[in-house]
Amino acid sequence: MSRTAAIRVISPDIPSLSSSVPQGSPATIAEISTGLLAERAYTSPKYLYDSLGSKLFEAICELPEYYPTRTEASIFERYGSEIAQAVGLGSTLIDLGAGNCAKAAGLFPLLHPAQYVPIDISRDFLNEAVSRLQQRFPHIEMTALGLDFSRSFHLPASVRPERRVFFYPGSSIGNFAPHEAIAFLRRMRANEQGDGGLLIGVDLVKDGAVLDAAYDDAIGVTSSFNLNMLRHLNHLTGADFDVTQWQHRAFFNAEESRVEMHLEAREALSVSWPAGGRQRYERHFARGERIHTEDSYKYTRRGFIDLLQEAGFAATHTWTDDAEWYAVVHARAIGE
């Protein structure tokens, strides 16, 4: 298939094909445009998570093929008391990519956090979840933050500085390439204040057939999740993606040790969106050409511990399931 981008700026006299007025910030639109205009088109996986995308991901987590959620849950259930002893009570629990907050809520009876700080890019979905959670745990201070933590971020003054523990479950660290993961963990370390730590889930290397099934389920929920990104991009940029012209592709790339998700053009097509002023970008896609939407890197146990160390953390405890498909790691900043 052709991998050469066919891009042009449409002159102002061509009628607008925009699906909507762009709702994204200038920085967001610029970031998306950079990816779509690249020779090999790509987007950040964070754009999978609008309100509908978050709900679809909840459904994915219930699928029989999608082992990470239930395997991680079994580790927390089996080793919960050990995890609580390692993390300690009364922390400021900062939940990155909190979603519906269910994973953190399951730890509340064990960790008794002094403050819970869920962070998610899908602000509306997060606020709904926290509103429900506050009714169940009225004694816990909760501060919801709707922000993009994949970029450089600093926690506001409303977040307690004492004993900040970053909770990053669901193997979401795999969405970052290893060098990006190190940079991300270093930013986390800079916000950690030196007396907290990190509790993180990581998916381990396993048979490729298991991985392929987990990201391309039989009833097509993951396909709907991936395709919904196009609707979200239309909303953010004013683009005119037609979802029916695309199909979901997912596979394990053994050489890179990652599962890749793509959206593949079913036919030759064009997409356009505002370029500023009265001009518009237009990108042509050949039949079979793809937009790379997500990576999920898989680690060996030793490889992930080495990555943590390079980022300034030392693993203090590691818990796995019996098959060693998945690991939960507690780490503290080196030097503590």
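These numbers were taken from a predicted model, which means no experiment stands behind them.
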Undergrad: Any ion pair linking Glu31 and Lys46 (charged N to carboxylate O, less than 4.0 Å)?
TA: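 Answer for the salt bridge query: yes.
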Undergrad: State, to 0.1 Å, how close Phe176 and Ala181 come at their nearest heavy-atom pair, and which atoms those are.
TA: CB-N, 3.6 Å
Undergrad: Students often mix this up, so state it plainly: with edges at 30° and 60°, are the rings of Trp319 and His317 parallel, tilted or perpendicular?
TA: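 Ring orientation, 0 to 90° scale: parallel.
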Undergrad: May I ask you to decide whether Arg78 forms a salt bridge with Asp322, counting only side-chain N to carboxylate O separations under 4.0 Å?
TA: yes
Undergrad: Check the orientation of Phe137 and Phe108. Use parallel for under 30°, tilted for 30 to 60°, and perpendicular for over 60°.
TA: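 Rings of Phe137 and Phe108: perpendicular, over 60°.
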Undergrad: Can you give me the closest heavy-atom contact between Phe285 and Ala265, atom names plus distance?
TA: CB-CB, 4.3 Å
Undergrad: Please find the pair of heavy atoms, one from Phe241 and one from Asn234, that lie closest to each other, and give the distance.
TA: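 Between these two residues, the closest heavy atoms are N-OD1, 2.9 Å.
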Undergrad: Minimum heavy-atom separation for Arg189 to Gly312, with atom names?
TA: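 Heavy atoms only, the tightest pair is NE-O, 3.9 Å.
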Undergrad: Return yes if some donor-acceptor pair links the side-chain N/O of Arg163 with the main-chain N/O of Val87 below 3.5 Å, else return no.
TA: yes
Undergrad: Look at Arg280 together with Glu282 and state whether they make a salt bridge at an N to O cut-off of under 4.0 Å.
TA: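 No, this pair does not count.
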Undergrad: Begin from the C-alpha positions of Arg266 and Glu289 and carry the test salt bridge (Lys or Arg N to Asp or Glu O under 4.0 Å) through to its verdict.
TA: CA-CA 8 Å; Arg266 294 177 180 270; Glu289 195 170 0; over 6 Å; no
Undergrad: Is it the case that the side chain of Arg160 and the backbone of Ala114 share a donor-acceptor pair, with hydrogens and angles ignored and the cut-off at 3.5 Å?
TA: no
Undergrad: In terms of ring plane angle, is the pair Phe251 and His262 parallel, tilted or perpendicular, where the classes change at 30° and 60°?
TA: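 Ring orientation of Phe251 relative to His262: parallel.
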Undergrad: Where do Phe225 and Tyr49 land on the ring-ring contact (aromatic ring centres under 6.0 Å, His included) test, with the steps shown first?
TA: CA-CA 9 Å; Phe225 172 65; Tyr49 296 95; 5.4 Å; yes
Undergrad: For residues Phe252 and Ser257, report the shortest heavy-atom separation together with the two atoms involved.
TA: CE1-C, 3.8 Å
Undergrad: So Asn228 and Leu48, do their side chains get closer than 4.5 Å, heavy atoms only?
TA: no
Undergrad: With rounding to the nearest 0.5 Å, note down the distance linking CG in Asp217 to CD1 in Ile219.
TA: 5.5 Å
Undergrad: Got Arg249 and Leu263 here, is their nearest side-chain heavy-atom distance under 4.5 Å?
TA: no
Undergrad: I'd like to know if the side chain of Arg136 reaches the main chain of Arg132, judged simply by a donor and an acceptor atom lying under 3.5 Å from each other, with no hydrogens or angles considered.
TA: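 No; zero donor-acceptor contacts below 3.5 Å.
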Undergrad: Taking the side chain as every heavy atom from C-beta outward, state whether Leu211 and Ser296 have any pair of such atoms under 4.5 Å apart.
TA: no
Undergrad: May I ask you to decide if Thr237's main-chain N or O and Gln23's side chain share a donor-acceptor pair within less than 3.5 Å?
TA: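 No, because the side chain of Gln23 does not come within donor-acceptor range (under 3.5 Å) of the backbone of Thr237.
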Undergrad: Is the backbone of Trp325 close enough, under 3.5 Å, to the side chain of Lys206 for a donor and an acceptor to pair up by distance?
TA: yes
Undergrad: Taking the basic N atoms (NZ, or NE/NH1/NH2) and the acidic carboxylate oxygens, is any pair closer than 4.0 Å for Glu192 and Arg164?
TA: no
Undergrad: Per the side chain to side chain contact (heavy atoms under 4.5 Å, CB included) rule, which among Thr143, Leu133, Leu107 passes with Tyr116?
TA: Leu133
Undergrad: I'd like to check the ring pair (Phe, Tyr, Trp, His ring centres under 6.0 Å) partners of Tyr42; sequence neighbours left out, ordered by chain and number.
TA: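 Expected list: none.
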Undergrad: With side chains defined as the heavy atoms from C-beta onward, is the minimum distance between Phe149 and Phe166 less than 4.5 Å?
TA: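 Result no, sub-4.5 Å side-chain heavy-atom pair not found.
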Undergrad: Report yes if some heavy atom in the side chain of Tyr326 is under 4.5 Å from a heavy atom in the side chain of Ser74; otherwise report no.
TA: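 SC-SC contact between Tyr326 and Ser74 ruled out.
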Undergrad: Check this for me, if you would: do Arg287 and Glu267 make a salt bridge, where the nitrogen-to-carboxylate-oxygen distance has to be below 4.0 angstrom?
TA: no
Undergrad: For the ring pair Tyr168 and Phe184, is the centre-to-centre distance below 6.0 Å?
TA: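 Yes; Phe184 has its ring centre under 6.0 Å from that of Tyr168.
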Undergrad: I'd like to check His248 versus Met261 (side-chain heavy atoms, cut-off strictly below 4.5 Å). Are they in contact?
TA: yes
Undergrad: Using the test side chain to side chain donor-acceptor pair (under 3.5 Å), find all partners of Glu141 that sit at least two apart in sequence or belong to another chain.
TA: Gln115
Undergrad: Quick one: does any side-chain atom of Ser224 pair with a main-chain N or O of Gly220 as donor and acceptor, under 3.5 Å?
TA: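 Confirmed, Ser224 side chain pairs with Gly220 backbone.
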Undergrad: Search all heavy atoms of Ala144 against all heavy atoms of Leu126 and return the closest pair with its distance.
TA: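 Heavy atoms only, the tightest pair is CB-CD2, 4.1 Å.
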Undergrad: Verify, without hydrogens or angle tests, whether Asp50 (side chain) and His232 (backbone) share a donor-acceptor contact under 3.5 angstrom.
TA: no
Undergrad: Is it the case that over 12 heavy atoms from other parts of the model lie below 6.0 angstrom from the CD atom of Gln85?
TA: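 Not more than 12 within 6.0 Å, no.
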